[in-house]
Amino acid sequence: MISLLFSLLLSAAPQSGQATQPAPPAPATIGGRIVRSDNVPLRLARVRLTSASGRPLGFQVLTDDDGRYEFPDVGPGSYYVLASKTGYLTVAFGQRRPSDRGEPINATAGATVEHIDIVLPRAAIVAGVVTDENGEPMENTAVSVWQIRFSAGRRRLMGVAGASTRKTDDRGRYRLFGLQPGRYLVGAVVGQLLPDQSTLDVPGYSRTYFPGTTNPTEAETVDVRPGQDVMNIDFSLARGPTARVSGIALSSDGEPVQGLTLIPSYRSGAVATDPVGARTRVDGSFEFENVAPGEYVVQASRPRASQSAEGEFGAQFVTVSGTDVDGVIVQMSAGSGISGRVTFEDGDPPKPGGFELQPAPVDLDLTSSIGRSTASADAYENWTFAMRGINGPRRLRVTRSPEGWMLRRILHDGIDITDAVENFGTSEQSMSDVEVVMTRAITAIGGSVTDRRGAPAIDATVVAVSADRSLWYPGSRFVGRGDVRRNGTFTIPLLAPGDYYVAVVDKARVADVSSEIEDPEFLESLLAGSTRITLTDGGRPSLALKMLDRP
C-alpha cells in the first residue's frame, strides 16, 4: 500500500526536463469614491473599467451609500475608469476637459490601487419656448443643440454627445439636458422627417436657429457653464419660401428604392446640417417637404452589407429657389471592387491581424450621409484583401498597422497611387492588383514640451503638419498630433517622411484639436513660431519645444 502511494506521488511530480506551468499572476484591485462637486458622495453611480488598449472588458459596478466602488480580481495592465449618473456628466479619472480620455491607471500583479476618486459635475440644461411669427407656441417642434466643427473636410453642425433632440410641448416649451460646459447653437425645425422621428406637419417654415435666423453662421451661441440652467432661450421659427423636391429612386437593377436623404451640397460652401428624410412610396417615388432655397444633394444609399462591402449608392444635385423641383431621378450604382495583397519589406510578415485598409471618401456630396457606411478590409491569412461596393472618388488609407510596421507605399499595377485620388463606381473602375507595402522603418516625432516657467506643459498637444499644403487633406498621413503626457513628453507616430512644421497647441484655447487639424485655416495659423524639421525614412527626432502664448 505504501509503495503504491509512493508510485502515485512520483508519477504526479514533475519529471526531470519537464517544464512546470507558471502560476497565473495575482489579481489587482482598483477602487475609489465618486462624489459631487461639493464632495457629497454619489450613491448608485455607475463606474466602468475599460482597457487602455481599447479592448472591451464589460467591467461595471455601482457605488455604495458612501460613493465607494471597487473592482477586485483585475488582471495586470493599464486601465481607464469612467463614472456616470443620471443628471451628471460622464467623467473619466484624470480627465481635465470633455475631449480628454483621462489618465490611465497601471495595475501591477497583486497591487491595490486606491483613491481613484472622480468628481461628477451636474449636467447643464438649456430651456426655452419656440413660437411662430405671431408669438403663438409651436407644438411638436424638434429642438436640438449643435456645435460648429470642422469634420471630414467641411464645417458642419455636429451633434452633442449626451444631448438628445427634444420636442416642444403644447406650450411650445422645450428642455435640453445632459450638456457639457461649452458654446452651443440651438435650433428648431418642423415639417421635416428627421432620423427616427417626425415633426409637426406645417409647411412654410425653415430650420431656424436662436435668436431667429435660418443661417447657422449667423446664429447666436449660447454659453453654458458647468451645472448651469440656461433658461429663456426663446425664439420664433422663420417663415420663408420653401419648396417640394420630388422624383424617383432606382437601384442598380432598376428596382424601386426607399430610404433617401437630403443634405446641403458641399459645393455650395454651406455649413453641413443633419440630413432630412423623404416620404417614399413602394414604386420608388419620393418627396422632400419644406425645403428652403439652396444647393442640395439627394442621396440614396443602402446599409453596408458587411465590413468590407458598402451598399449601393446614388446621388443627384438639385437647386431650390422657392418653387417645387420635380422629376429628380436618383440612379444607384453597385460600385467597384478593390482587391490586392499586403507585402512587407525588411523582414518576414507578421501574423495576420492588426491591419485595416479603407477607401476614404474625398467628395462629401458623393459619400453617404448615413454614418458607418465606409468599407474597411482586414487581411486574410495569406495577407490578401478585398472590398466591394465602392462609389465616388476615394483615397486608399491604412488605418491600422501591425505592431512595429507602417505604410511605405500603395501600388496599383506597379504604379504608385499613395495619397492619390481614384474614382470608383463601375465594374470597369475596379482595382484587382493593389499592393500595400509595409515597412519596419517607422517614422515618428517625439520630445518634450515646457511652459513659460520651464515646467512640463501637460495641458498641450503637439501638431506636426506637412510643409506641402496640398497634403493637408482629411485623415492625411502628413498631419499628426500627440498629447503631452504628465511628464511633459509627447510622441507623434506613423508620419510619412517629408518636411514638417511642428507646433504646440494649448488645449485650454483649442479643446478639440483632433477635429480642428482637419481645417486648413487652423493649420495655417500654427505655422508662425513653429519648428521646421525634415523626417527621413525611419527617422525619430526628439524635439525640446516650448508652449507659446498665441492670440
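Atom OG1 in Thr242 sits 4.5 Å away from atom CG in Asn290 (nearest 0.5 Å). Rounded to the nearest 0.5 Å, atoms CZ (Arg244) and CG (Asp324) are 4.0 Å apart. The CG atom of Leu526 lies 9.5 Å from the CD1 atom of Ile517; values are rounded to the nearest 0.5 Å. We find the CD-CD distance between Gln180 and Gln147 to be 9.5 Å, quoted to the nearest 0.5 Å. Residue Ile338 holds its CD1 atom at 11.0 Å from OG of Ser308, rounded to the nearest 0.5 Å. Atom CG of Asp499 and atom CG of Leu535 lie 8.5 Å apart (nearest 0.5 Å).
A ring pair (Phe, Tyr, Trp, His ring centres under 6.0 Å) check over residues 381-431, counting only residues at least two apart or in different chains, returns the pairs Phe344-Trp383, Phe344-Trp405.
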Full working for side-chain contact (heavy atoms from CB on, under 4.5 Å) between Phe355 and Val342
CA-CA 9 Å; Phe355 174 84; Val342 186; 3.6 Å; yes
Please report the C-alpha distance between Phe313 and Ser301 in whole Å, then the side-chain angles of each, then the deciding distance to 0.1 Å, and finally whether the side-chain contact (heavy atoms from CB on, under 4.5 Å) criterion is met.
CA-CA 4 Å; Phe313 175 80; Ser301 60; 3.9 Å; yes
Working note: Thr261 + Ser369, criterion side chain to side chain donor-acceptor pair (under 3.5 Å); need CA distance, chi angles, decisive distance, verdict.
CA-CA 8 Å; Thr261 57; Ser369 58; 3.1 Å; yes
Could you go through the salt bridge (charged side-chain N to carboxylate O under 4.0 Å, His left out) check for Arg408 and Glu345 one step at a time?
CA-CA 9 Å; Arg408 168 78 79 181; Glu345 295 181 343; 3.0 Å; yes
Would you check, one step at a time, whether the test side-chain contact (heavy atoms from CB on, under 4.5 Å) holds for Val186 with Val126?
CA-CA 9 Å; Val186 181; Val126 172; 4.1 Å; yes
Might you work through the side-chain contact (heavy atoms from CB on, under 4.5 Å) test for Leu185 and Val145, ending with a clear yes or no?
CA-CA 5 Å; Leu185 271 62; Val145 291; over 6 Å; no
May I have the step-by-step check of side chain to side chain donor-acceptor pair (under 3.5 Å) for Asp378 and Gln307, ending in yes or no?
CA-CA 9 Å; Asp378 297 332; Gln307 177 178 306; 3.0 Å; yes
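Looking at heavy atoms from C-beta onward, Leu407 lies in side-chain contact with Arg477 at the 4.5 angstrom threshold. Side-chain contact between Arg341 and Asp433 is present, with heavy atoms from C-beta onward closer than 4.5 Å. Residues Pro137 and Val130 fail the side-chain proximity criterion, which asks for heavy atoms closer than 4.5 Å. Residues Val298 and Val318 have side chains in contact (heavy-atom distance under 4.5 Å, counting atoms from C-beta outward). You'll find the side chain of Tyr174 reaches within 4.5 Å of the side chain of Ile233, heavy atoms only. Using a 4.5 Å heavy-atom cutoff, the side chains of Asp132 and Tyr205 are in contact. The side-chain heavy atoms of Val230 and Ile125, taken from C-beta on, include no pair separated by under 4.5 Å. By the 4.5 Å heavy-atom criterion applied to side chains, Pro216 and Tyr209 are counted as neighbours.
Sparse packing is recorded around CG of Asp348, with 12 or fewer heavy atoms of other residues, nucleotides or ligands lying under 6.0 Å away. For Arg409, the CZ atom sits in a packed shell: over 12 heavy atoms of surrounding residues, nucleotides or ligands are nearer than 6.0 Å. For Ile329, the CD1 atom sits in a loose shell: 12 or fewer heavy atoms of surrounding residues, nucleotides or ligands are nearer than 6.0 Å.
With 3.5 Å as the limit, one finds no donor-acceptor pair spanning the side chains of Glu136 and Thr131. With no hydrogens or angles considered, a side-chain donor-acceptor pair links Asp253 and Ser251 at under 3.5 Å. Asn215 and Thr213 share no donor-acceptor pair across their side chains, judged by distance under 3.5 Å alone. For the residue pair Thr399 and Glu356, a side-chain donor N or O sits within less than 3.5 Å of a side-chain acceptor on the partner. Using modelled atom types and a 3.5 Å distance limit, the side chains of Glu295 and Thr319 yield a donor-acceptor pair. Between Tyr473 and Asp419, the side chains place a donor N or O and an acceptor N or O closer than 3.5 Å (distance only, hydrogens not considered). Remark: the Ser252 side chain and the Ser333 side chain contain no N/O donor-acceptor pair separated by less than 3.5 Å.
Here the side chain of Thr208 pairs a donor or acceptor atom with the backbone of Ala238 at under 3.5 angstrom. No donor-acceptor distance shorter than 3.5 angstrom exists from the side chain of Asp223 to the backbone of Arg183, with no hydrogens or angles considered. Arg397 places a side-chain N or O within donor-acceptor distance of the main-chain N or O of Gly475, the cut-off being under 3.5 Å. Between the side chain of Ser336 and the backbone N or O of Gly425, at least one donor-acceptor pair lies under 3.5 Å. Within the 3.5 Å criterion, the main-chain N or O of Val513 finds no donor-acceptor partner in the side chain of Glu516. With hydrogens and angles disregarded, no donor-acceptor distance shorter than 3.5 Å links the side chain of Ser401 to the backbone of Met406. Judged by distance alone, the side chain of Thr214 and the main-chain N or O of Arg207 form no donor-acceptor pair under 3.5 Å. Checking side-chain atoms of Trp472 against main-chain N and O of Ser466 turns up a donor-acceptor pair under 3.5 Å. Counting only distance, with no hydrogens or angles, the side chain of Gln299 and the backbone of Thr367 share a donor-acceptor pair below 3.5 Å. For the pair Thr443 (side chain) and Pro497 (backbone), a donor-acceptor distance under 3.5 Å is absent.
Contact between Leu89 and Gly178 at its shortest, heavy atoms only, is CD2-O, 4.3 Å. Residues Ala92 and Gly102 share a closest heavy-atom pair of CB-CA, 4.2 Å. Taking both residues in full, the closest heavy atoms of Asp365 and Pro264 are given as OD1-O, 4.3 Å, listed atom of the first, atom of the second, then distance. Across Ser144 and Leu176, no two heavy atoms sit closer than the pair C-CD1, 4.0 Å. Looking at every heavy atom in both residues, Gln358 comes nearest to Ala375 through CG-O, 3.4 Å. Between Asp363 and Pro393, the shortest heavy-atom contact is CB-CG, 3.5 Å.
A salt bridge does not link Asp519 with Arg149: every distance from a Lys NZ or Arg NE/NH1/NH2 to an Asp or Glu carboxylate oxygen is 4.0 Å or more. Ion pairing of Glu139 with Lys167 is absent here, as no side-chain N (NZ or NE/NH1/NH2) approaches a carboxylate O to less than 4.0 Å. A salt bridge is absent between Lys351 and Glu381: the closest approach of a Lys/Arg side-chain nitrogen to an acidic carboxylate oxygen does not fall below 4.0 angstrom. Using a 4.0 Å cut-off between charged side-chain N and carboxylate O, Arg395 and Glu422 make no salt bridge. Comment: Asp283 does not engage Arg281 in a salt bridge, judged by the lack of any side-chain N to carboxylate O separation of less than 4.0 angstrom.
Considering Arg304, Arg302, Arg388, Arg394 as possible partners of Glu310, the one that fulfils the salt bridge (Lys or Arg N to Asp or Glu O under 4.0 Å) test is Arg394.
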